[in-house]
Engineer: 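Before I ask anything, let me first share the structure, which is written out below as structure tokens.
A, B, ... follow the sequence lines: proteins, then strands. Residue 1 opens every chain. What you see below is based on every heavy atom in this structure, not just the backbone, and it leaves out hydrogens, waters and symmetry mates.
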Amino acid sequence: MQVLAEAKKSGATAAEAGVNISQGLSVTVRLGEVETVEHTRDKGMGVTVYFGQRTGSASTTDFSEQALRETVRAACTIAKYTAEDDCAGLADPERLAKAIPDLDLHHPWNPGMEQAIELARAAESAARGLDTRIANSEGGSLSMHEGLEVYGNTHGFLGAVAATRHSLSVSVIAQDDSGMQRDHWYTVARDAGLLESPQTVGLQAARRSLRRLRSRKLSTRECPILYEAPIATSLLSHFVSAVRGSSLYRQASFLLDSLGKPIFADFVRIHEQPHLKGAQGSAAFDSEGVATQPRDLIRDGILQGYVLDSYSARKLKMQTTGNAGGVHNLTIDPGQDDLAALMKRMHTGLLVTELIGFGVNTITGDYSRGAAGFWVENGEIQYPVEEITIAGNLKDMFRRIAAVGSDVDTRGNIRSGSILIESMTVAGS
Amino acid sequence: MSEGMLTLARQSLLEPAGLGESDLTRLMGQLMSGRVDYGDLYFQYSRHESWSLEEGKVKSGSHSIEQGVGVRAVAGEKTGFAYSDEILLPALLEAAGAARAIVQQGAQARVPAAFRDAQGRASAAGGRMPGATGEAGRQLYRPDDPLASLPDDAKVKLLERVEKEARAQDPRVKQVMASLASEHEVVLVVRSDGVIAGDVRPLVRLNVTVIVEQNGRRESGSHGGGGRLAYDYFNQEDRALSYAREAVRQALVNLEAVETPAGTMTVVLGPGWPGILLHEAIGHGLEGDFNRKGTSAFAGRVGERVASEQCTVVDDGTIPGRRGSLNVDDEGTTTQKTVLIENGILKGYMQDTLNARLMGVAPTGNGRRESYAHLPMPRMTNTYMLPGKFDPKEIIASVDKGLYAVNFGGGQVDITSGKFVFSASEAYLIENGKITRPVKGATLIGNGPDVLTRVSMVGSDLQLDPGVGTCGKEGQSVPVGVGQPTLRIDGLTVGGTQS
């Protein structure tokens, strides 16, 4: 690690550096014709230096020796001006990962441009062929990505991870005399063999667009809300924001001093599974080299731990939880009911399938977002709805979770089934 | 665009790499073989720094350098794209080969033997081509490196003064977070139609967020500003300190805020930053790509009424020093002031070269990209509504019961259904023509193609936002500006909790 040596030579007492190199290809086919072919090839190096308790960081995309030297120098210059900070520094050596298990993340795939185009086209065609009301398209896209990340620090840690990520998506527009509606579907996997078929992706996108035609507004009311699995994950990401160390030591969270207290409904368990084979959020070590551990964040509704990196842990006089860079496959334990059963259980209320906007305040827990979905009565979908908002406070919403579905969405780093909340405010006409 | 910008861009991007006119011609030849209609090379170098303060100390700073070349080949509606982070001929030839591979081999396309600037002047010797016209010498901002516009210790002191000012406002201030950032970007666009254009773009920004606490209740307030300027902007007219005071004022207002009503009501939007309404409700829907493809709720509606006749909305990339302004866009097209809606009638869309060509209209200088590693597409610059005739006080006095919203966080739109949201961070109830109590932030939702038809009063107080906006589209972020006068909208859905 030439960069770390250079940093030491410049007088730094400690340093850490990360390098990433990646390449990929993504193709989009729209209305049966190739629209874009993008070749991606990126690299970058970032370094953080410590002069005692002072910190400076710099990064570059130029790997020439001169550029690397200048980058280290830039970081050192910044460290001359930043303030002494007791909590600054590398992760504690005993926390660093000792062994790096293979998590089955690297499955290079190069079907060639022609084959890639064919797959994207097949997915889009499946969507367009389903119904004459699929009148337009934003296209089908296939992307392949392969990356290598290396992290090292002057405690002697050096870890490398090679990983791939491939995805296929379709977005189409349904149209009738009431107007246009768009929706999409995607599949993503480390191993291309695990992707859903182009047919499945296309049909799902088409069905999702079609069912939104003739959406109405609702009148303002209080009612139960059922978050469909793909967006239920957003509730868990708001939870993570509130228990992240940086929010806690800045007093910028509605969950301050909540360890050991009931945060969620009593039956809820939320845990991290960093070592799942082939999953999107799997990692043997975090972005400071700290070993990751499977652990419970919520057990029986009670908060068991925060989401900390070394810095925020020191601020809070705690230990890092191996979450520099975020959580790893955060999972809420699924229940027995699939989406249809959850609708039956809700009886009358709103099934939300899309959220827009950023109306979430982590400091107060106040929540107000734009929504679209379906009005449900007697457990059956009645009609699609749009141009409404749903609002509440996350503290109440978490406590009032009535059920978690068995329909777990495993495409992202946060895994959840559909989530039923007892009651929220719907604003409409 | 001034010749100075082009010269600077050449000196920064081509000369260090040893690339000359003949190399550009050779690259273009590699790119244009096959049935390629259009191609371009986008050279970029950018330097970025940021300094951040919390708990009274500037604890961290960072510096980054990014450089590379994006190579694009367009044939009909097909685009091939590749890029290289090495500005070296062999790497660029390889990227050009990859980009053009989308089109089958065929007749040799025409390649320019020499390049000229956007005004038609030959770029190498500076000899003026006959009949060339153009706006010579445009300089909407100084081509200086803003990172070097203030010594590093003065950047740290500036943030420390901001922190002290915020704390001095009120003992209830518990946390102050402030950040200072700047970027120096040099771009050079070389096009297959022989145009070559350069731009050197500064960008600075200062943000302050405070958290206040009273009887166990915590609330926050944020403010900031900036533009295509140097750091001394923040020391002029007490700006930096005024951001601190404004952040504290907002946070203290929120400490008193009560539940927001839920439902459809009359909404008065304050001037300036609430112009995010225009950006979300109509701006994105008027971008050329969505309209060419027919995926926007505004597609095919030029000439139709989409707003009340009091509304005239423009996108203007030519305001000196503004965050969303550009001398030339990222395809080398000179930016302009484009009328989108005039007295309520939809006049036209914002275009890049690809969509303008496919729609048979002129580009409007809205072709933008996040970096060399991203494809350009139609994007907004500074989008605002022209002032109307009403005194803002008269507008508030006209409302019996409604919401007055003056500060906003982000927004989002579904351009196909036309539904958009934007979230208020400071709002008040209006009761019997008077502003009464502050209410909690809430999301407002509406339908883009009809929200402006319900604008019943337009104020005389046009303001532009302070210069902190960033717009995201298809994963690409670009700096933008918004603005508007005070507006009364008769019927917008407010996402409160009190039903």
Side-chain angles (χ1 to χ4, degrees), chain A residues 30 33-43 55-62 67 71 74-75 77-78 80-83 85 88 113 136 138 173 179-182 215 220-222 250-252 356-359 361 363-364 366 368-370 372 386-392 425 427-429, chain B residues 54 57-68 77-85 98 101-102 152-153 156 174-175 177 211 213 218-220 262-264 293-295 297 373 375 409-412 414 416-417 419 421-423 440-443 445-447 493-499:
Chain A
R30 177 171 175 267
E33 298 286 330
V34 176
E35 183 172 65
T36 57
V37 174
E38 295 185 59
H39 300 263
T40 64
R41 219 165 78 169
D42 296 285
K43 62 185 189 332
T55 310
S57 304
S59 66
T60 180
T61 57
D62 184 348
T71 302
T77 303
I78 287 167
K80 278 186 204 147
Y81 298 99
T82 51
D85 184 349
M113 196 164 73
N136 202 341
E138 292 196 320
I173 291 166
M180 293 192 287
Q181 293 289 346
R182 172 186 60 169
S215 283
T220 301
R221 66 189 71 186
E222 302 275 335
R250 291 173 182 147
Q251 308 269 301
I356 60 172
F358 310 96
N361 184 331
I363 298 170
T364 59
D366 288 332
S368 169
R369 299 190 69 186
E386 65 179 0
E387 204 181 336
I388 53 172
T389 61
I390 54 173
T425 307
S429 51
Chain B
E54 62 176 28
K57 293 187 255 188
V58 174
K59 291 179 181 173
S60 61
S62 66
H63 178 271
S64 66
I65 292 180
E66 218 182 313
Q67 62 172 28
E77 298 189 35
K78 294 184 174 62
T79 299
F81 180 61
Y83 56 87
S84 165
D85 50 19
I102 46 145
D152 288 343
D153 58 342
V156 169
K174 296 298 171 200
Q175 290 283 332
M177 289 155 271
I211 295 175
E213 187 177 340
R218 274 182 308 278
E219 294 284 350
S220 63
T264 301
K293 296 175 186 175
T295 58
L375 274 169
Q412 196 178 345
D414 175 334
T416 301
S417 70
K419 304 301 175 278
V421 294
F422 58 138
S423 298
K440 287 184 175 188
T443 287
I445 189 162
N447 182 36
T493 300
V494 177
T497 46
Q498 201 181 46
S499 57

Engineer: So which residue, A/A427, A/S57, A/G56, A/S429, ends up with the most heavy-atom pairs under 4.5 Å with chain B?
Structural biologist: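 If we count pairs closer than 4.5 Å to chain B, A/S57 comes out on top.
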Engineer: Given the options A/T71, A/D62, A/T40, which has more heavy-atom pairs under 4.5 Å with chain B than any of the others?
Structural biologist: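 The candidate making the most pairs under 4.5 Å is A/T40.
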Engineer: If I compare all heavy atoms of A/S368 with all of B/G495, which pair ends up nearest, and what's the gap?
Structural biologist: OG-O, 2.7 Å
Engineer: For the candidates B/G411, B/G68, B/G410, which exhibits the highest count of non-hydrogen atom pairs separated by less than 4.5 Å from chain A?
Structural biologist: B/G411
Engineer: Go through A/R250, A/Q181, A/M113 and name the one with the most non-hydrogen pairs under 4.5 angstrom from chain B.
Structural biologist: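 Between A/R250, A/Q181, A/M113, the count favours A/R250.
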Engineer: Given that the side chain runs from C-beta out, which part of A/K43 has a heavy atom under 4.5 Å from chain B: side chain, backbone, both or neither?
Structural biologist: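 It is both, since atoms from each part get that close.
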Engineer: Atom CG in A/N361, atom CZ in B/R218: separation rounded to 0.5 Å?
Structural biologist: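 It is 11.0 Å, given to the nearest 0.5 Å.
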Engineer: Heavy-atom distances under 4.5 Å only: say whether A/E386 touches chain B with side chain, backbone, both or neither.
Structural biologist: side chain
Engineer: Can you say whether A/I388 sits under 4.5 Å from chain B via the side chain, the backbone, both, or neither, judging by heavy atoms?
Structural biologist: backbone
Engineer: Checking B/Y83 side chain against A/R41 main chain: does a donor-acceptor pair fall under 3.5 Å?
Structural biologist: yes
Engineer: Sub-3.5 Å donor-acceptor pair from the side chain of B/S499 to the main-chain atoms of A/T220, do we have one?
Structural biologist: no
Engineer: Quick one: does A/E33's side chain get under 4.5 Å of B/E77's, heavy atoms only?
Structural biologist: no
Engineer: Between B/T295 and A/R182, is a side chain to side chain contact (heavy atoms under 4.5 Å, CB included) present by the stated rule, with each step listed?
Structural biologist: CA-CA 9 Å; B/T295 58; A/R182 172 186 60 169; over 6 Å; no
Engineer: Side chain from CB out, backbone as N, CA, C, O: work out which of these in A/A252 comes under 4.5 Å of a heavy atom of chain B, or both, or neither.
Structural biologist: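 For A/A252, backbone and side chain are both near chain B.
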Engineer: Which pair of non-hydrogen atoms, one from A/T82 and one from B/G61, has the smallest distance, and what is that distance?
Structural biologist: CG2-N, 3.9 Å
Engineer: By a 4.5 Å heavy-atom criterion (distance strictly below it), what part of B/S423 contacts chain A: side chain, backbone, both, or neither?
Structural biologist: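 B/S423 touches chain A through side-chain heavy atoms alone.
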Engineer: Do the non-hydrogen side-chain atoms of B/K59 and A/T55 ever get within less than 4.5 Å of each other?
Structural biologist: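 Counting from C-beta outward, B/K59 and A/T55 never come under 4.5 Å.
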Engineer: For A/I356, is it the side chain, the backbone, both, or neither that has a heavy atom closer than 4.5 Å to a heavy atom of chain B?
Structural biologist: both
Engineer: B/I445 versus chain A, heavy atoms under 4.5 Å apart: side chain, backbone, both or neither?
Structural biologist: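 Backbone plus side chain of B/I445, per the 4.5 Å heavy-atom cut-off to chain A.
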Engineer: For the side chain of A/T425 and the backbone of B/T497, is there at least one donor-acceptor N/O pair under 3.5 Å apart?
Structural biologist: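 Checked: pair present.
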Engineer: Between A/Q251 and B/K174, is any pair of side-chain heavy atoms under 4.5 Å apart?
Structural biologist: no
Engineer: Kindly compute the distance separating CG (B/D85) from OG1 (A/T61), expressed to the nearest 0.5 Å.
Structural biologist: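 Spacing of CG (B/D85) from OG1 (A/T61) equals 5.5 Å.
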Engineer: Please classify the contact between A/R369 and chain B as side chain, backbone, both or neither, with a heavy-atom cut-off of under 4.5 Å.
Structural biologist: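 Only the backbone of A/R369 comes within 4.5 Å of chain B.
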Engineer: Could you give the distance from CG (B/L375) to CD (A/E38), rounded to the nearest 0.5 Å?
Structural biologist: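 Answer for the CG-CD pair, B/L375 versus A/E38, is 4.5 Å.
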Engineer: Identify which part of A/D85 has an atom lying under 4.5 Å from any heavy atom of chain B, answering side chain, backbone, both or neither.
Structural biologist: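 Both the backbone and the side chain of A/D85 come within 4.5 Å of chain B.
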Engineer: Please round to the nearest 0.5 Å and tell me the distance separating atom CG of B/D414 and atom CE of A/M180.
Structural biologist: 9.5 Å
Engineer: Test your reading of the model: is there a side-chain donor-acceptor pair from A/N136 to the backbone of B/K293, 3.5 Å cut-off?
Structural biologist: yes
Engineer: Which one, A/G359, A/A58, A/S59, A/A83, leads in non-hydrogen pairs under 4.5 Å with chain B?
Structural biologist: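 Of the candidates given, the most pairs with chain B belong to A/S59.
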Engineer: Chain A heavy atoms under 4.5 Å from B/S60: which part of the residue, side chain, backbone, both or neither?
Structural biologist: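 When you check distances to chain A, only backbone atoms of B/S60 fall under 4.5 Å.
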Engineer: Given that the side chain runs from C-beta out, which part of B/E54 has a heavy atom under 4.5 Å from chain A: side chain, backbone, both or neither?
Structural biologist: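 Just its side chain gets close to chain A.
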